[in-house]
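What follows is a short report on a single structure.
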Amino acid sequence: MENIKLNIRAIAANEKISIEELAKRCGINPAHLKQVSAGNVKMLAEDVWKIAKYTGIPADNIVAV
């Protein structure tokens, strides 16, 4: 997945789980991650790193929307 930007919905779909489940598995507040995926709030850098660690997707390839 080099140089491909993936949003939260695509990452959850790739893992075959819901956004809520992705949040739980990454240690992120599910309500916050849903708001991020809807474009209502910005993703925290800490959240990007947690998702990157869980999925193995480079942090630079993770975008909020």
Side-chain angles (χ1 to χ4, degrees):
M1 288 190 215
E2 197 171 316
N3 296 325
I4 297 173
K5 300 292 184 187
L6 296 171
N7 66 31
I8 299 304
R9 289 184 194 122
I11 293 168
N14 186 58
E15 296 292 316
K16 297 181 174 78
I17 56 176
S18 67
I19 292 170
E20 294 87 355
E21 186 62 27
L22 176 66
K24 290 176 187 175
R25 292 182 185 189
C26 294
I28 301 169
N29 179 302
H32 175 73
L33 196 58
K34 282 189 80 172
Q35 290 296 309
V36 169
S37 71
N40 297 330
V41 297
K42 293 185 179 186
M43 188 182 314
L44 303 172
E46 179 180 335
D47 295 343
V48 173
W49 288 109
K50 288 178 178 180
I51 293 169
K53 183 177 178 181
Y54 173 76
T55 63
I57 296 170
D60 291 346
N61 292 6
I62 299 172
V63 295
V65 292

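These numbers were taken from a predicted model, which means no experiment stands behind them.
With respect to K24 and E20, no salt bridge is recorded, no charged nitrogen being found less than 4.0 Å from a carboxylate O.
Closest of all the heavy-atom pairs between P30 and A23 is CA-CB, 3.5 Å. Across every non-hydrogen atom of A52 and P58, the tightest pair is CB-C, 4.4 Å. Summarising the geometry of V63 relative to M43, their closest heavy-atom pair is O-CE, 3.8 Å, with the distance given to 0.1 Å. Smallest separation of non-hydrogen atoms from S37 and I19: OG-CD1, 3.5 Å.
One hydrophobic cluster, built from ILVMFWY side chains closer than 4.5 Å, cannot hold both I11 and L44; they sit in different ones. Hydrophobic clustering, with ILVMFWY side chains joined whenever heavy atoms are under 4.5 angstrom apart, keeps I51 apart from W49.
The structure places CD of E15 at 10.5 Å from CD of E21, a figure rounded to the nearest 0.5 Å. S18 contributes atom OG, which lies 13.0 Å from atom CZ of R9 (distance to the nearest 0.5 angstrom).
Using a 4.5 Å heavy-atom cutoff, the side chains of I8 and L33 are in contact.
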